[in-house]
Amino acid sequence: MCRCALPSDPPVETIHTIAWMKQVAREARAKERILGFVPTMGALHEGHLSLIREAQKGCSPVVASIFVNPTQFGPTEDFQKYPRTLEADRAVLEGLGVEYLFHPSREEMYPNSFRTSVSVEALGERLEGRSRPGHFRGVTTVVLKFFEIIQPRFAFFGRKDAQQARIIRQMAGDLNSDAQIVVCPIVREQDGLALSSRNAYLSEAERRAATALYEGLDALRKDVDSGTLDAARLLTELRRVMDARAGVAIEYTEIVDAETFEPVVSLRRTCYALVAALVGKTRLIDNALIEQDGESFRVTL
Ligand code: AMP
């Protein structure tokens with residue numbers, strides 16, 4: 001569990017301007033410190049904190065960013081109502097001993113003169129990219145801006161957003177970024193629901209129904225454990241479990257190759273089983289990592 005800040009904790013330095021963030025990062029690099037970066041949109045939960053703890057194992061200083069990035073939200077999405085809990089987040093970061101919080105304003109990141117975007121071809125066109133047109137362009141553009149500003153040695157992302165992590169790794173490689181992309185496991189509630197800032201939108205009944213995503217993936221895990229390799233069969237059972245829950249509307253369920261994000265017919269090498277569903281009005285995503293282990297496959301939720 002995270003703890004609140006104690007009076008003895010050193011304060012996290014909150015940085016609002018790009019110029020100051022660049023200066024701090026430049027000084028850290030000049031001292032040959034290993035800068036770790038954890039981008040977030042705030043409303044911090046244990047999923048975010050797991051990335052920060054992972055960063056702290058090998059990096060110092062650690063820079064966490066909190067920026068609700070408008071360009072990754074579609075016109076009908078929840079940008080306005082996205083939870084913003086800056087003071088609580090700052091206390092959590094202080095409790096963890098994070099040195100720097102980068103919290104720029106929208107105008108600082110996107111002045112009126114802003115014209116550029118970057119997008120990764122193919123990988124971003126299916127699944128989340130299809131459901132949320134423009135989403136990945138917004139993500140890659142803001143992450144590239146952060147990489148330019150901070151120039152981290154390591155940047156930490158959650159496997160919860162597996163397609164996003166894959167796209168960012170592609171972008172970092174293609175554009176010769178020095179940032180090494182580290183992808184961290186999914187942190188879940190006790191009943192399996194993947195932590196997400198959007199879980200705060202769920203009513204009590206929706207919160208109970210929301211475990212359907214995990215339960216579907218868990219059913220898939222059991223089928224893989226008992227030797228099923230056929231993607232269509234695995235997805236049929238996954239969907240059956242999810243469909244059994246009232247109030248859950250499946251948007252997509254797919255099993256894809258972990259490199260290409262193209263659907264597979266049968267399990268091979270490393271795959272993801274990916275799900276997206278509406279629970280009430282709240283859109284949730286989750287996934288399972290499926291790795292080949294000799295003749296069999298191991299599923300990690
Ligand atoms: P967000 O604030 O939702 O943009 O997420 C910031 C980072 O936290 C992203 O790299 C997410 O993949 C990661 N993240 C979100 N939820 C979880 C979770 N439950 N477990 C691990 N990482 C997560």
Side-chain angles (χ1 to χ4, degrees), residues 1-2 36-57 62-74 77-79 81-86 88-90 92-93 96 98 101-104 109 127-128 132 135-147 150 152 154-172 179-202 207 210-211 213-214 217 258 272 274-276 282-289 300-301:
M1 282 304 291
C2 61
F37 174 49
V38 182
T40 83
M41 297 204 299
L44 299 181
H45 53 63
E46 280 291 331
H48 298 116
L49 303 200
S50 73
L51 307 186
I52 292 171
R53 290 195 191 98
E54 191 58 32
Q56 288 175 322
K57 284 184 193 163
V62 169
V63 179
S65 66
I66 294 181
F67 180 62
V68 184
N69 175 37
T71 64
Q72 70 188 68
F73 288 79
E77 291 183 5
D78 55 343
F79 174 70
K81 74 162 186 174
Y82 196 84
R84 289 163 171 85
T85 58
L86 185 63
D89 290 352
R90 212 196 321 247
V92 166
L93 294 175
L96 280 180
V98 170
L101 164 61
F102 184 39
H103 180 56
M109 290 295 278
L127 302 157
E128 286 303 283
R132 306 181 66 189
H135 169 68
F136 284 129
R137 189 181 337 109
V139 170
T140 42
T141 301
V142 81
V143 170
L144 184 60
K145 279 170 72 68
F146 284 140
F147 283 5
I150 299 168
F154 296 92
F156 296 80
F157 295 86
R159 199 196 86 213
K160 160 86 177 0
D161 299 279
Q163 193 180 10
Q164 166 178 286
R166 173 70 189 90
I167 286 171
I168 287 167
R169 181 159 65 77
Q170 185 73 35
M171 176 187 75
Q180 295 258 5
I181 308 302
V182 182
V183 182
C184 303
I186 301 178
V187 178
R188 299 178 178 281
E189 301 279 7
Q190 287 230 309
D191 62 5
L193 176 67
L195 295 190
S196 163
S197 304
R198 290 191 168 97
N199 293 350
Y201 300 151
L202 300 170
R207 170 64 187 78
T211 55
L213 285 80
Y214 171 81
L217 292 167
Y272 288 113
L274 302 159
V275 299
T282 304
R283 187 172 182 281
L284 300 177
I285 59 172
D286 200 347
N287 69 78
L289 172 65
T300 309
L301 296 178

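Order of appearance sets the numbers: ligands from 1, and atoms from 1 within every ligand.
- When hydrogens are left out, the protein atom nearest atom 22 (N) of ligand 1 is G158 CA, 3.6 Å; that is the closest non-hydrogen contact.
- By the 6.0 Å contact criterion, CZ on R137 is open, its count of non-hydrogen atoms from other residues, nucleotides or ligands being 12 or less.
- Only the backbone of P39 comes within contact range of ligand 1, with a heavy atom under 4.0 Å; no side-chain atom does.
- An N or O contact shorter than 3.5 Å links M41 to ligand 1 by distance.
- For a threshold of 3.5 Å applied to N or O pairs, the pair formed by S196 and ligand 1 contains no separation below that value.
- Between the side chain of T141 and the main chain of G138, no donor-acceptor pair closer than 3.5 Å is present.
- One N or O on the side chain of Q163 and one on the backbone of E128 form a donor-acceptor pair closer than 3.5 Å.
- Counting heavy atoms closer than 4.0 Å to ligand 1, residue L51 contributes side-chain atoms (C-beta onward) but none from N, CA, C or O.
- In terms of protein heavy-atom proximity, atom 15 (C) of ligand 1 is nearest to H45 CE1, 3.9 Å.
- Taking each of E189, K160, R198 in turn, the one with a heavy atom nearest to atom 23 (C) of ligand 1 proves to be K160.
- Remark: ligand 1 atoms within the under-4.0 Å shell around heavy atoms of F157 are 10 (O).
- Residues V63 and F37 meet the side-chain proximity criterion, which asks for heavy atoms closer than 4.5 Å.
- Nearest non-hydrogen protein atom to atom 3 (O) of ligand 1 is Y82 OH, 3.9 Å.
- Between the side chain of D286 and the backbone N or O of V275, no donor-acceptor pair lies under 3.5 Å.
- The shortest N or O to N or O distance between I186 and ligand 1 is not below 3.5 Å.
- Using a 4.0 Å cut-off to heavy atoms of L195, the atoms of ligand 1 that qualify are 16 (N), 17 (C), 18 (C), 19 (N).
- Of all the heavy atoms in R166 and A258, the pair that sits closest is CD-O, 3.4 Å.
- Nearest protein heavy-atom contact of atom 12 (O) of ligand 1 is D161 OD2, 2.6 Å.
- Within the structure, the closest approach of P185 to ligand 1 falls below 4.0 Å when heavy atoms are considered.
- Within a 6.0 Å sphere centred on CD of Q180, heavy atoms belonging to other residues, nucleotides or ligands number 12 at most.
- Partner of E46 under the salt bridge (charged side-chain N to carboxylate O under 4.0 Å, His left out) criterion, out of R53, K160, R188: R53 alone.
- The backbone N or O of P83 lies less than 3.5 Å from no partner atom in the side chain of D78, so there is not a single donor-acceptor pair.
- Among all protein heavy atoms, the one lying closest to atom 5 (O) of ligand 1 is H48 NE2, 3.5 Å.
- Proximity to T40 (heavy-atom distance under 4.0 Å) selects the following atoms of ligand 1: 2 (O), 6 (C).
- Closest protein heavy atom to atom 20 (N) of ligand 1: V187 N, 2.9 Å.
- Here the side chains of F79 and Q72 are not in contact, with every heavy-atom distance at 4.5 Å or above.
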